[in-house]
Amino acid sequence: MTTAAILVVILPLLTAPIVALLPPGRLVGTAAFAIATATAVLALQLLAATLDGSVVIHQLGGWPPPFGIVYRIDALSAVMLSIVSVAAALVAWFQPTAIVDCVRPTDRARFTAAFLLALAGLNGMAATGDLFNVFVFLEISSLASYILIAMGARQDRRALTAAYDYLVLGAVGATFFVIGIAFLYMVTGTLNMADMAARLPGASPRAVEVGGAFLLVGLGLKVAIVPLHRWLPNAYAYAPSAVSTFLAMTATKVALYLVIRLGTSVFGGNHIGGIDLSQVLPALGVAALLFGSAAAIAEQDLTRLLAYSSVANIGLMLIAVGLGGADGIAAAVANLINHAVIKGGLFIAAAAVVQRFGHARFDALAGLARTMPLVFAMLVLGGLALIGVPLTAGFVSKFAVLEIAFRRGEIVLAIAILLSALLSVVYVWRVIEAGLLAPAPKAPPPPPPGHAIFQPPLLLLALAVLWLGVDSRWSLGVGAAVARSLGVTP
Amino acid sequence: MTLHLLAGLAIPLVAGLAIVGTGRWPNLRETVTLVAALALAAWAALEIAVYDPAASALVLAEPLPGFALRLRAEPLGLVFAAVASGLWLLNSSYSTGYMRAERAHHQTRFYACFAFALMAVMGVALADNLLTLFVFYEMLTLVTYPLVVHWQTPVAIRGARLYLGYLLGTSLVPFLGAILWSWAVAGTVDFRLGGILGGHLDDGAMAVLLGLYAWGIGKAALMPLHGWLPAAMVAPTPVSALLHAVAVVKAGVFSLLKIAVYVFGIDTLAHGVGTWLVWVAAASVVAASLIALTKNDLKARLAYSTIAQLALVTLAVGLGHPLAIAAGVLQLVAHAWGKITLFFGAGAIQIAAHRKYLSELDGLGHAMPLLFAALLVASLSVAGVPPFAGFWAKYYLLTVAWERQDLVLIAVLGLSTLLTLSYLLPIIIRGVFGAPKWPYHIDPLPVSALLPPLVTAAGCVALFFAAPAILAFILPVLEGPP
């Protein structure tokens, strides 16, 4: 099992260069799918092994910490690895078809290699127990994402500016992050997270405060906390649809994972440096929730609408993390899982629309209920989940956070969450009206070859949205196990 | 085992799926609807016949720890289920005639959503805790949306938006908030005889919570959150009948009644918590009746009449007296039969004579005597004239008002009856005594569209005599915990 801890990172990392050298053809896509699926299986095995609270540790090169780098998988890491790897497997499944229009055949091998590198980077961030190693993987995943986003340029030139925006802002974020690490290294003399946690109480508080602030702002950019969200909508909207699906399911969540990790295992007590997350994050979360929902209302393009809705959903996760405690962490983890499933389904639906119509502006949605029933069903179901209608995964997410807010007497917070549902009704219903009521075009373009490939993941995620709405063991139950393994006091 | 409760949800669900499957063969599709409606009505009758107060609840699932989806048969819910399923049968027969006469499109979607709506209604009726109630309440809003937007004209789309906006908005903010608040103070969301809130909140907070429920349950259309109801009149007439008489509004006031009895407890409400609600509801009754007087469009007139008549149920909840709750239940039942007759009538006039305004009805009574007789019976019943079903509710409300020596309330109730007569009777008066102003052409009315209003009108008479039986059935609820 300890090899699995390293394999989830090494497997995509080492196979990426090989995939890049493969001749253009079917083999590339198949290889990527096989690698991503193998990674997902490993990640799920790790999850099964760690849910009871045990920890899987792999020491790189046999060097014990704090001298060597360790990969330390606890339940929280395993949840994150599972989300990322399963998302990668789903995306790898339909990615060869989805990128036909935007990636030249000769570039496909390198595109796929970048995709595997992004997977390796995101998994690395979740798996490693070493703070500097986190930074390295952050950069690997970010660089790969810039490439992937820029690949949308053949379909829409704006992908280049979107990728450039993300590059600049991402670089700023990463710089802040590494400065923060430097401060902490300066006063603790270690980069190993467990070791650092032990030494922090005795370290100079001012350096810790400054370092913590840098870390949080750097991560804030990656999480896309309002007002640091500017890179996200364009990046999601203009990237190739397969890339936006993958990023929407994973990228911001891994950054949020780091916030949780720092707040629980490293600094502890829901603090990062001198910053009390329970003071800061709920307010930021409410701002994100209201701003993201309101911004989504004004959009005319399905992917941009979904991107802003992600900004809002991140707000809800921030509130959950900010509320903290065992139930707060459980709710946050449940939100991570549910949101990955919901947004994954919605973005795959958008990808199917893009593949058939060339874009996902609202006029492409006209008559979708008749022309692409399954895609429309996913849009309705996912939309209802975004609103938080009961029996969908979104209800569990929202209800779990609301429950905590009510129990702790945070009435203003609860009211803000309830009100945000009104905004989401408006933007979701614009999508539903477009698909259900607008007359279908006289001669819609026929489904392009290989279009049916979208159906298995759509069906799978639609069922998952319903299942997670009826049975919260796989979201809240897992979240509770994570909180237990982190030793968070209620 | 109480698995038989599941049939109440399964029959309409399976029917809805079968309707989608048989969409290509209209006759078969309508047969499915009618058979399912018959089965559901039989199921409801059977449930009442074998009702056992000691029967345990049926847990469907537990979406969140401590929040289960649970069904239980209890008197209020069974009465509501019986009314809804019985009227679904008649409504389906009527829909067949109406939708074919109108040559409507998307009929498969129409019948399927109708069936799913009934499933949601059964869920509301059988809900054993606030979460279950909320789940099915939301489901009802969503599955009736395609029905309201059916014609897909710009007006219909706007009306449906209002419908959805009001109902989802109120349920997602105040209603859900009230549920969570109740849970936070009482530690449970279960329905218990005598209520779960007693002693946990002071009267002021309790009154605020009651307000969150009264307006949060937007389907009850308590003024000023009634705007969706007239807006939803753009739907085909059988849908309007469903919204007003069978499902949506009724689900709203029924939820209020259930929450009054099982969450607040009648005793708690009687301490004056609901006094303000009595006056808000009374104002709603008078205002809606006055607006109804000004409406020339038949369906709009009936819509405001519904707002007024159902505000009486809210008023009964506010009174918090066992007799008042009884009046609320009887009003729910009687109004369902009366109002559906009126809507059937309005729709029949539309498909046969192509008239939808009061001012166009002159002389129609001679061409459609049976229909207008049914309309007269229904109007008198809704107004509360004996010997028709609507009488008992008004009578019990007056009794309570008399007991409280509340002259203003007595005046309001009297005024409500007078106003009801003055906005409903002109329909019949014009039809019978008005001289036709211009020659009109009357298409023959399909039997499937004529028979249902006659049956429901007869029901208005029968229910006058059946009221004591209903009262006896719900008596244990009114008496409270032993």
Side-chain angles (χ1 to χ4, degrees), chain A residues 327 330-331 334 369-370 373 380-381 383-384 387-393 395-411 414-426 428-430 432-433 436-439 466-473 475-477 479-480, chain B residues 20 60-69 105-106 109 120 123 130-143 145-146 149-154 156-158 160-161 163-185 187 189 212 216:
Chain A
D327 44 5
R370 300 225 151 194
V380 172
L381 193 62
L384 294 181
I387 298 173
V389 170
L391 300 189
T392 64
F395 179 70
V396 172
S397 295
K398 192 148 74 175
F399 199 84
V401 182
L402 275 172
E403 186 194 320
I404 303 168
F406 263 97
R407 208 171 42 218
R408 305 213 187 143
E410 303 266 8
I411 299 300
I415 291 174
I417 298 172
L418 286 170
L419 283 175
S420 74
L422 294 185
L423 298 172
S424 46
V425 170
V426 179
V428 166
W429 227 261
R430 291 185 57 225
I432 293 181
E433 279 192 359
L436 184 71
L437 304 177
L466 287 173
W467 180 253
L468 289 171
V470 178
D471 182 355
S472 62
R473 270 176 303 173
S475 50
L476 275 177
Chain B
V20 175
L60 293 179
E62 192 161 338
L64 289 113
F67 295 90
L69 285 183
H105 56 87
H106 289 114
R109 181 176 83 189
L130 282 168
L131 182 80
T132 317
L133 182 69
F134 182 72
V135 166
F136 287 105
Y137 180 96
E138 292 292 63
M139 188 188 286
L140 184 57
T141 307
L142 294 170
V143 296
Y145 170 80
V149 80
H150 190 87
W151 299 124
Q152 297 187 203
T153 57
I157 292 176
R158 216 168 26 249
R161 260 185 212 154
Y163 176 74
L164 197 82
Y166 268 97
L167 293 189
L168 276 188
T170 49
S171 64
L172 285 172
V173 184
F175 190 17
L176 186 58
I179 291 174
L180 278 158
W181 189 7
S182 308
W183 171 78
V185 296
V189 288
L212 286 180

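Throughout, protein chains are lettered first and strands after them, A, B, ... in sequence-line order, and every chain is numbered starting at 1.
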Atom pair [atom1]/[atom2] of [X] and [Y] - distance to nearest 0.5 Å:
X	Y	atom1	atom2	value
Ile179(B)	Phe406(A)	CD1	CZ	10.0 Å
Ser420(A)	Leu172(B)	OG	CG	9.5 Å
Glu138(B)	Leu391(A)	CD	CG	10.0 Å
Leu176(B)	Ile417(A)	CG	CD1	10.5 Å

Open item on the list: I'd like to know which of Ile157(B), Val185(B), Leu168(B) tops the heavy-atom pair count under 4.5 Å against chain A.
Closed with: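 When all of Ile157(B), Val185(B), Leu168(B) are compared, Ile157(B) has the most.
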
Open item on the list: As an exercise: rank Leu142(B), Leu60(B), Thr141(B), Leu164(B) by heavy-atom pairs under 4.5 Å with chain A and give me the winner.
Closed with: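 Sorted descending by pairs with chain A, the first entry is Leu164(B).
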
Which region of [X], side chain (C-beta onward) or backbone (N, CA, C, O), has a non-hydrogen atom less than 4.5 Å from a non-hydrogen atom of chain B, or is it both or neither?
X	answer
Leu384(A)	side chain
Leu437(A)	both
Leu419(A)	both
Val470(A)	both
Arg430(A)	neither

Side chain, backbone, both or neither of [X] within contact of chain A (heavy atoms, under 4.5 Å):
X	value
Leu131(B)	side chain
Glu62(B)	backbone
Trp181(B)	both

TODO: Evaluate whether atom CH2 of Trp467(A) has more than 12 neighbouring non-hydrogen atoms of other residues, nucleotides or ligands under 6.0 angstrom away.
DONE: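 It does not: Trp467(A) CH2 has 12 such atoms or fewer within range.
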
Open item on the list: Are more than 12 heavy atoms, taken from residues, nucleotides or ligands other than Arg370(A), located less than 6.0 Å from that residue's CZ atom?
Closed with: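 No, CZ of Arg370(A) has 12 or fewer neighbouring heavy atoms, counting only those of other groups under 6.0 Å.
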
Task: Candidate pair Arg109(B) and Leu436(A), rule side-chain contact (heavy atoms from CB on, under 4.5 Å), full reasoning - done: CA-CA 12 Å; Arg109(B) 181 176 83 189; Leu436(A) 184 71; 4.1 Å; yes

Open item on the list: Is the shortest side-chain heavy-atom distance between Phe134(B) and Pro390(A) below 4.5 Å?
Closed with: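 Yes. Closest side-chain heavy atoms under 4.5 Å.
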
Task: Where Leu476(A) and Pro65(B) come nearest, the two heavy atoms and their spacing - done: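 Closest heavy-atom pair between Leu476(A) and Pro65(B): CD1-CD, 4.2 Å.
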
Task: Options Val389(A), Leu418(A), Ile411(A), ranked by heavy-atom pairs under 4.5 Å with chain B, top entry - done: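 Winner by heavy-atom pair count: Leu418(A).
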
TODO: Evaluate the criterion side-chain contact (heavy atoms from CB on, under 4.5 Å) for residue pair Phe67(B) and Val396(A); output intermediate values, then yes/no.
DONE: CA-CA 11 Å; Phe67(B) 295 90; Val396(A) 172; over 6 Å; no

- [ ] Please confirm whether Tyr145(B) and Trp429(A) have ring centers closer than 6.0 angstrom.
- [x]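 Centroid distance Tyr145(B)-Trp429(A): below 6.0 Å, so yes.
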
